[in-house]
Amino acid sequence: INYGETIEVVIMNVPCSQATVTDASGNSYNTVQIKGQCWMKSNLRTTKYPNGANIATCDVNDKYFYKHVGSSSNDAAMGLYYSWEAAMNGAPGNYNQPVQGICPDGWHIPTKDEFLTLLAVAGSVDNLKGNNNYWTSANGNNTNSTGFTLNPSGYAGYSCSSSAQSVGTVAELLTAS
């Protein structure tokens with residue numbers, strides 16, 4: 001796991017009981033039901049833990065977030081990058097146990113098995129990718145037939161001074177393992 005991964009719609013709660021969910025920072029996210037799993041349709045971009053405490057900005061300690069370089073308008077589409085420690089909110093990663101981490105109440109960072117189920121249902125990563133202008137590679141195969149709307153947020157290195165890499169071509173997702 002890279003320190004600078006986004007939490008891209010990998011927060012789930014089964015089943016979808018509402019069309020949107022709101023995080024502790026007041027950001028709203030649309031949800032999508034995919035074969036018994038409920039997923040957020042956009043990257044997490046909260047700057048607060050579920051209890052309302054602020055997540056540190058960059059190298060204050062190991063628990064931090066940072067933004068994409070450039071316009072803050074990228075935040076809504078691409079989300080924020082989180083260190084592993086911040087995303088997990090101090091909980092240890094566990095292959096088969098969901099962890100709330102920085103997710104809104106009632107939601108959790110999915111396990112590897114939950115994410116693999118999503119991939120199996122989708123049949124192809126192209127069926128998860130948003131058919132939009134954020135992808136710099138050809139959109140021809142991006143069907144988004146699942147409604148998941150995966151965006152190419154890229155990734156960042158292991159320190160706050162690292163810049164985002166591969167934005168527009170790569171989406172790295174975080175699981176609780």
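Computed from heavy atoms alone, side chains included, the values below leave out hydrogens, waters and symmetry copies. Each residue takes its place number in the sequence, starting with 1.
- Atom OG1 of T111 is separated from atom CG of D113 by 5.0 Å, given to the nearest 0.5 angstrom.
- Here OG of S145 is found 7.5 Å from CG of L128. Values are rounded to the nearest 0.5 Å.
- For the pair K41/T31, no side-chain contact is recorded, criterion being any heavy-atom separation below 4.5 Å from C-beta on.
- Shortest non-hydrogen contact noted between Q33 and C38 is OE1-CB, 4.2 Å.
- Separation of atoms OG1 (T46) and CG (L80) is listed at 8.0 Å; rounding is to 0.5 Å.
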Review point. Should V32 and C16 be marked as a side-chain contact (heavy atoms from CB on, under 4.5 Å) after you check the CA-CA gap, both sets of side-chain angles, and the distance that decides it?
Key: CA-CA 7 Å; V32 61; C16 281; 6.0 Å; no
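- The shortest side-chain heavy-atom distance between M40 and V21 falls under the 4.5 Å cut-off.
- We find the NE2-CD distance between H108 and E114 to be 3.5 Å, quoted to the nearest 0.5 Å.
- Proximity of R45 to S25: side-chain heavy atoms (C-beta onward) are nowhere separated by under 4.5 Å.
- Of the listed residues (Y49, Y29, W107), just one forms a side-chain hydrogen bond (donor to acceptor under 3.5 Å, both in side chains) with D23, and that residue is Y29.
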Go through it in stages, so that I can follow the logic: the residues are M88 and I109, the test is side-chain contact (heavy atoms from CB on, under 4.5 Å), and I'd like the CA-CA distance, side-chain angles, deciding distance and then a yes or no. CA-CA 8 Å; M88 299 301 282; I109 299 170; 4.0 Å; yes
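- Side-chain contact between N30 and S42 is absent, with no heavy atoms from C-beta onward closer than 4.5 Å.
- A distance of 11.5 Å separates OG1 in T146 from NZ in K35, rounded to the nearest 0.5 Å.
- Rounded to the nearest 0.5 Å, atoms CG (N27) and OG1 (T20) are 12.0 Å apart.
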Quiz item: Hey, mind stepping through I55 and Y82 against side-chain contact (heavy atoms from CB on, under 4.5 Å) and telling me if it holds?
Solution: CA-CA 9 Å; I55 301 172; Y82 299 92; 4.1 Å; yes
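- Within the 4.5 Å cutoff, the side chain of K48 has heavy atoms near those of the N54 side chain.
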